[in-house]
There are 2 protein chains.
Amino acid sequence: MVKQKRVTSYDVAREAGVSQSAVSRVFRPGFSVSKKTREKVLKTANAMGYRPNAIARMLITQQSGMVAVIISSRANENYPEVLSQLNKNLSEKNKKVLLFTLDDSAGLDDVMEQIWTFQVDGVIALAAHFDHTNLEQFANHNVPVVLYNRHAPEANANSVCCNHDKGIKQLVDKLIETKHKSFLILSGPEDSDVANERREVAIDKLKYYGIADVPVIYGDYNYHDARHSFSQWAKDNPLPDAVIAANDIMAIGVIDEARENLNLSTPEDLSVVGFDGVLAASLFNYQITTVKQPLEQLTKAAVDMLLERIENPDSSPESRVLSGTFIEGQSVKPRTR
Amino acid sequence: MVKQKRVTSYDVAREAGVSQSAVSRVFRPGFSVSKKTREKVLKTANAMGYRPNAIARMLITQQSGMVAVIISSRANENYPEVLSQLNKNLSEKNKKVLLFTLDDSAGLDDVMEQIWTFQVDGVIALAAHFDHTNLEQFANHNVPVVLYNRHAPEANANSVCCNHDKGIKQLVDKLIETKHKSFLILSGPEDSDVANERREVAIDKLKYYGIADVPVIYGDYNYHDARHSFSQWAKDNPLPDAVIAANDIMAIGVIDEARENLNLSTPEDLSVVGFDGVLAASLFNYQITTVKQPLEQLTKAAVDMLLERIENPDSSPESRVLSGTFIEGQSVKPRTR
DNA sequence: ATTAATAATGACTTCGAATGCAAAAATTAT
DNA sequence: ATAATTTTTGCATTCGAAGTCATTATTAAT
């Protein structure tokens, strides 16, 4: 029942008969301490259960050792894995993850305030849409930023991004090859950069093949939205040959809505393609034709870039684009007519 | 290109013609400052872009304002949502989430060291299996702990837990009602407390109905493990009427394996029940009969309990158990024979 | 108007580790 | 053995806000 008092470096120093500086140096890698004192200090420190206080260290070194990871609350099926990977990669570099979720863009100012306050060493932003002003603010505060899955070569920030462009083109090519003639695009939300990119690339590529005025409907990247949007649209529009969904979950939503309420099977009556390569897309009953994002490489690249930038703040912004893997599923069937 | 120097409370004080203490008090809620000084300070602070330094504050107040959330890397489909909910609830109480992932129990010591180091205000542990010693250590360091989804009334820690017991019983009852006679249990990993509880309750309940020696196979809570375990088992064992899977994803794995490689349909040839109520379980092509965990309530309870404990460290440990919702899907069909 | 009570303020210390600097000790060179 | 060099060491200061305490300004009471 003893109110355990924290053991400080002074306590250890007194006990070991050395100065506080000596204790400090023992726990700082790469500082010169004689073997004798090192051992002496280590022994008493262990005996007393001493651990350096990270907070005090942060204050004096001006480095928190924490990286802010900002996640928009828009559920993306990949995030859990991305988050876990980021955390793993960052842990290996002795950085901790401080988590921020962003409900809407309104909250961004608040998040930024907090970020200054916590003196994080850097920021990895998943799907939060920062504008120029935001990025400038980060730059002014000397906080390096890596944008995850947002291609922003023009901005003064590092970014790592899956090659949505290429992936969408592969999917469209596939649909054209298999003689699909009419299309519907189920885009992600309009305030998502990734969604906009995927949609525009699809439109452009279809136009390239001579198919213009492709109808577009929207959904918030989730299953129920997809079902709802698609059923609304299907009410008073002719059925397309193929639906190009912004992600796998929405592709599944379309397939289910078609099956349950329109009595249409995929791929017999309707081809559907997705994007991301999440687990659900690979389930036997769906097997979506999609493009799998290279998550491990993306997260690893994000962390590497951030650390590079932290260590070398004046290195120029870099933008990495990694290609996904085209996965041929069972959700596309060649059209004969 | 100006190396922006941090603005401190001293800077603001000087500029506003007051003392540093005054500035500090303005930014501390509930401290007495005259309206005049408050306004003066706020104005200059804003003009200078001053934000109190959280690190310095932590050091002096001995409160980091951070809560460690420990997640085992074992992918649980619920975690992303749990994490996001926890973060949301904690943010509202002005706590930040510091994320720790735990690869295996070996890493626990390291995580605990870090936790002391960061002086977190409390810990929420998802699925990490702490033993008595661990919990004692937390107690010794005066770090309140809430165990999430682990029923531990004996331990000196708070816990919040879905009523797995009741849920499993409902599922078994359903299977018995519908005249299932032979069973197979697909348990989660043996080192997971939740998995063990779900398995044992199922075994007990079946025994209560006079069904003993129910075979048990194992899987690591994931799809591919489930498929593999089930196919191995099916090779040289008679098919059961029903499979009781430890979670929805494994239930889906069983259904897919049965369909793809054993040419069996669910529920015609094989009934399957899951647990959790994840999105995938509700997809049209699966519609698993399952029990949905009350995630929002669980996370809210976890946060409430933790904060209560932080504010009132001597309150006695509490254990809350919340019931899930039984969801009747299409994966169970009454047997006639 | 004078005293009593209350509110506001600033000087100074504190939290715990890191580090520049000068002094001391250990090592090497002569 | 002495000087020159290098390595260790400890003192004192720093990081930035919070809070204690004594002092001063303000308000209320008589």
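Letters A, B, ... are given to chains in the order of the sequence lines, protein chains preceding strands, and every chain is numbered from 1. A quick note: this is a predicted structure, and the numbers were derived from the prediction, not measured.
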From the candidates dA17(D), dG16(C), dA17(C), the one with an atom nearest any side-chain atom of Tyr50(A) is dA17(C)
Please check if atom CD in Gln62(A) has more than 12 non-hydrogen atoms from other residues, nucleotides or ligands closer than 6.0 Å.
yes
Kindly say whether, by distance alone, the side chain of Ser21(B) makes a donor-acceptor pair under 3.5 Å with the base of dG19(D)?
yes
Answer with yes or no whether Gln20(B) presents, from its side chain, a donor or acceptor under 3.5 Å of a partner atom in the base of dA11(C).
no
What's the CG-P distance between Asn53(A) and dT14(C), to the nearest Å?
18 Å
Would you say CD of Glu318(B) has more than 12 non-hydrogen atoms from neighbouring residues, nucleotides or ligands within 6.0 angstrom?
yes
Can you establish whether the number of heavy atoms outside Glu113(A) located under 6.0 Å from its atom CD is more than 12?
yes
Can you see if the side chain of Ser24(B) gets near the phosphate of dA18(D) - specifically, an N or O under 4.0 Å from OP1 or OP2?
yes
Thr8(A) side-chain N/O to dG16(C) phosphate OP1/OP2 under 4.0 Å:
no
Under 4.0 Å between a side-chain N/O of Ser19(B) and OP1 or OP2 of dG10(C), yes or no?
yes
Length of the CE-C1' vector between Met58(B) and dA17(D), whole Å:
12 Å
Hey, what's the ring geometry for Trp116(A) with His141(A), parallel, tilted or perpendicular (30° and 60° as the breaks)?
parallel
Phosphate OP1/OP2 of dA7(C): any Ser34(B) side-chain N/O under 4.0 Å:
no
note: Asp11(A), atom CG; dG16(C), atom P; distance rounded to Å ~ 8 Å
Candidates dA17(D), dG19(D), dT13(D) - which lies nearest the side chain of Tyr10(A)
dT13(D)
May I ask you to evaluate whether Ser9(A) reaches the phosphate of dA17(C), defined as a side-chain N or O under 4.0 Å from OP1 or OP2?
yes
Check the interface with nucleotides 21-29 of chain C: list each N/O to N/O pair with the protein under 3.5 Å, or write none.
none

Answer yes or no: is there a donor N or O on one side and an acceptor on the other, between the side chain of Asn158(A) and the main chain of Leu306(A), under 3.5 Å?
no
Closest non-hydrogen atom pair between Thr44(B) and Val12(B), with its separation
OG1-CG1, 3.9 Å
Does a side-chain N or O from Arg28(A) land closer than 4.0 Å to OP1 or OP2 of dT19(C), or not?
yes
When rounded to whole Å, the CD1 to C1' distance for the pair Ile60(B) and dG19(D) reads 7 Å
